[in-house]
Asker: 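Here it is, the structure in full.
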Amino acid sequence: MTAAAHLEYVLRLADNALILGQRLSEWTGHAPVLEEELALANVALDLIGQSRLLLSHAGKLEGAGRDEDQLAFLRVDQQYRNLTLVELPNGDFGRTVARNFLFSAFQRPLWDALLSSRDVELAAIAEKSLKETRYHLRHSADWVVRLGDGTDESHARMQSALDYLWPYTEEFFTEEFVDNEVATSGLGVACAEVQPAWEATVRSVLAEATLKIPAQTAFRSRGKFGVHTEHMGHLLAEMQHLQRAHPGARW
Amino acid sequence: MERKEWPLWEIFIRSRNGLDHKHCGSVHAPDARMALQAARDVYTRRQEGVSIWVVRADHIHASDPDAKPEMFDPADDKIYRHPTFYKLPDEVDHM
């Protein structure tokens, strides 16, 4: 029971990083300015690096001989455990940085808490990733503030990005047996534990950005349970195409 | 529509073993804080530095290249300004 939850939990962390990394890499060659293109590519590479460590760890936990590549490239969409938020299309630059902000504000307290995980491998990954995530948060929050508290046009776009993304953040804190199981066994963290830190960050940055927190809705996305949007298949088609067409291909 | 470009910032980076910040290039950014982040993302991806300075390019005042003869040539024949010009007594020559 705990072993299954443990694996599931690590896969969630891994897939969040993998899928957002894939999304952000789509900006390469398309960002509004060179400086931000490199910044987004750097974030993407950090996230893909995190996912490699986590997927390798998941492969060992699973004990079925799958390595990071097989887990990254040879699953079908229902087997991915990422939050729905990270698979949504990038939208404009404002929506991209708003999502990076909402997600890294969640990832930061998660890594913080995982520093004391009983899973020493996971604790080591958290220690490395925390530094990266703190930078992602700083970079994205600074953009949210500048665009939110910017021109009429940038403010309107940031507010609409936030309105679009907000309902998907409910999923961060949907409690169920995996979280409870890893929390009681000291391997992971219960969502409720990181919620106050997330809310505090989000509230203070959005206030500074003069953006309004959207109203709660009854909508709940379910990406972490393997129920994905129609966007996921397209993302995977592009991401997996090389391994599917040329199995075992190497650089 | 009026098009406002972000200002240009000159970037100075101090390497791990370096004592001084060296000029390494420039970025466009809306303000100093974002210029520091852009410099981090553009110029320190391969462990080039441990400290960054940014200066707005229009805050740098440069000497005029056309004034080079009167600015710098007069130093050419003043070899006595170099310490090696002076022969020290043997007792202190190998300090």
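As the structure is a computational prediction, the values presented were derived from the model and not from experiment. Every chain is numbered from 1 and lettered A, B, ... according to where its sequence line falls, protein lines coming before strand lines.
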Asker: Can you say whether the rings of B:His21 and B:Trp53 are parallel (under 30°), tilted (30 to 60°) or perpendicular (over 60°)?
Answerer: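 The arrangement is parallel - the two ring planes meet at less than 30°.
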Asker: Under 4.5 Å from any heavy atom of chain B, what part of A:Arg138 do you find: side chain, backbone, both or neither?
Answerer: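 The answer is both parts of A:Arg138.
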Asker: With chain A, which of B:Val42, B:Val27, B:Asp31, B:Asp41 has the greatest number of heavy-atom pairs at distances under 4.5 Å?
Answerer: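 Between B:Val42, B:Val27, B:Asp31, B:Asp41, the count favours B:Asp41.
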Asker: Pick whichever of B:Arg45, B:Arg40, B:His28 has the most heavy-atom pairs under 4.5 Å with chain A.
Answerer: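 It is B:Arg40.
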Asker: Does a sphere of radius 6.0 Å around CZ in A:Arg52 hold more than 12 heavy atoms from other residues, nucleotides or ligands, not counting ones at 6.0 Å or beyond?
Answerer: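 Counting neighbours around CZ of A:Arg52, 12 or fewer heavy atoms of other residues, nucleotides or ligands fall under 6.0 Å, so no.
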Asker: Are the aromatic rings of A:Phe93 and A:Trp143 close, with centres under 6.0 Å apart?
Answerer: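 They qualify: ring centres under 6.0 Å apart.
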Asker: Considering non-hydrogen atoms only, spot the tightest contact between A:Leu11 and A:Leu55 and give its length.
Answerer: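 Answer, listing the atom of A:Leu11 first, then A:Leu55: CD2-CD2, 3.9 Å.
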